[in-house]
Amino acid sequence: MIDSGEVSSTADLALKLKMNESYTGRVLRLTLLAPDIIDAIVTGRQPKHLTLRDFLKPIPCDWNEQRQQYGFTSP
């Protein structure tokens with residue numbers, strides 16, 4: 001909805017989805033994850049120690065830093 005211009009901010013998105021703005025922002029940050037990390041999580045190949053709580057902390061923008069921080073090997 002943000003990409004299409006239907007909403008212009010996280011606050012607008014939260015209102016439209018009838019969700020808490022803080023929660024919406026935290027979930028939206030997951031879009032910053034490297035594609036290979038997303039793929040590993042979706043297919044159940046993530047490191048066993050990795051939990052959702054790990055993603056509630058700031059997520060590095062650099063994909064290589066993400067791999068290192070979350071325990072993934074390079075693609």
Side-chain angles (χ1 to χ4, degrees):
M1 288 184 219
I2 291 175
D3 285 345
S4 71
E6 187 176 340
V7 297
S8 60
S9 68
T10 304
D12 290 343
L13 180 62
L15 188 62
K16 178 100 173 165
L17 296 174
K18 299 179 181 160
M19 297 175 75
N20 177 283
E21 183 179 347
S22 176
Y23 176 77
T24 302
R26 287 192 309 266
V27 171
L28 201 55
R29 288 187 318 186
L30 297 174
T31 64
L32 300 174
L33 288 172
D36 57 297
I37 293 176
I38 294 170
D39 184 61
I41 293 168
V42 169
T43 58
R45 296 179 291 110
Q46 74 278 6
K48 293 186 187 287
H49 65 82
L50 193 64
T51 67
L52 180 58
R53 186 176 302 268
D54 295 307
F55 297 112
L56 297 179
K57 302 170 189 166
I59 297 173
C61 292
D62 182 78
W63 289 350
N64 287 322
E65 287 180 38
Q66 291 177 12
R67 291 180 190 105
Q68 184 177 24
Q69 180 170 324
Y70 302 126
F72 290 88
T73 57
S74 294

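Nothing here was measured: the structure is a model prediction, and the numbers come from that model.
For P58 against Q69, the heavy-atom pair with the smallest separation is O-NE2, 3.9 Å. Here the closest heavy-atom approach between residue G71 and residue P47 is recorded as O-CG, 3.3 Å. For R29 against I59, the heavy-atom pair with the smallest separation is O-CD1, 3.7 Å. When every heavy atom of F55 is checked against every heavy atom of T51, the shortest pair comes out as CD1-O, 3.7 Å.
With sequence neighbours excluded, the residues satisfying side chain to side chain contact (heavy atoms under 4.5 Å, CB included) with E65 are P60, D62. Residues satisfying the salt bridge (Lys or Arg N to Asp or Glu O under 4.0 Å) criterion with D54, sequence neighbours excluded, are absent altogether. Shown here are the side chain to side chain contact (heavy atoms under 4.5 Å, CB included) partners of D3, two or more places apart in sequence or in another chain: there are none.
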Let's go through Y70 and I41 carefully: what are the C-alpha distance in whole Å and the side-chain angles of both, what is the deciding distance for side chain to side chain contact (heavy atoms under 4.5 Å, CB included) to 0.1 Å, and is it a yes or a no?
CA-CA 11 Å; Y70 302 126; I41 293 168; over 6 Å; no
Yes or no on side chain to side chain contact (heavy atoms under 4.5 Å, CB included) for I37 and W63, after CA distance, side-chain angles and deciding distance?
CA-CA 9 Å; I37 293 176; W63 289 350; over 6 Å; no
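Around atom CD of Q68, no more than 12 heavy atoms belonging to other residues, nucleotides or ligands sit under 6.0 Å away.
Counting only residues at least two apart or in different chains, salt bridge (Lys or Arg N to Asp or Glu O under 4.0 Å) contacts with residues 17-26 are absent. Annotation: side-chain hydrogen bond (donor to acceptor under 3.5 Å, both in side chains) contacts involving residues 37-46, sequence neighbours excluded, comprise D39-R45, T43-R45.
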Side chains of residues 10-17: which donor-acceptor partners sit under 3.5 Å, not counting sequence neighbours?
residue: D12; atom: OD2; partner: S8; partner atom: OG; Å: 2.9
residue: D12; atom: OD2; partner: S9; partner atom: OG; Å: 3.4
residue: K16; atom: NZ; partner: E6; partner atom: OE2; Å: 3.1

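By the criterion of side-chain heavy atoms lying less than 4.5 angstrom apart, applied directly or through intervening Ile, Leu, Val, Met, Phe, Trp or Tyr residues, L56 is not grouped with Y23; the two fall into different hydrophobic clusters. In terms of hydrophobic clustering, with Ile, Leu, Val, Met, Phe, Trp and Tyr side chains grouped at heavy-atom distances under 4.5 Å, I38 and V27 are assigned to different clusters. Note on L30: it does not cluster hydrophobically with M19, by side-chain heavy-atom contacts below 4.5 Å among ILVMFWY residues.
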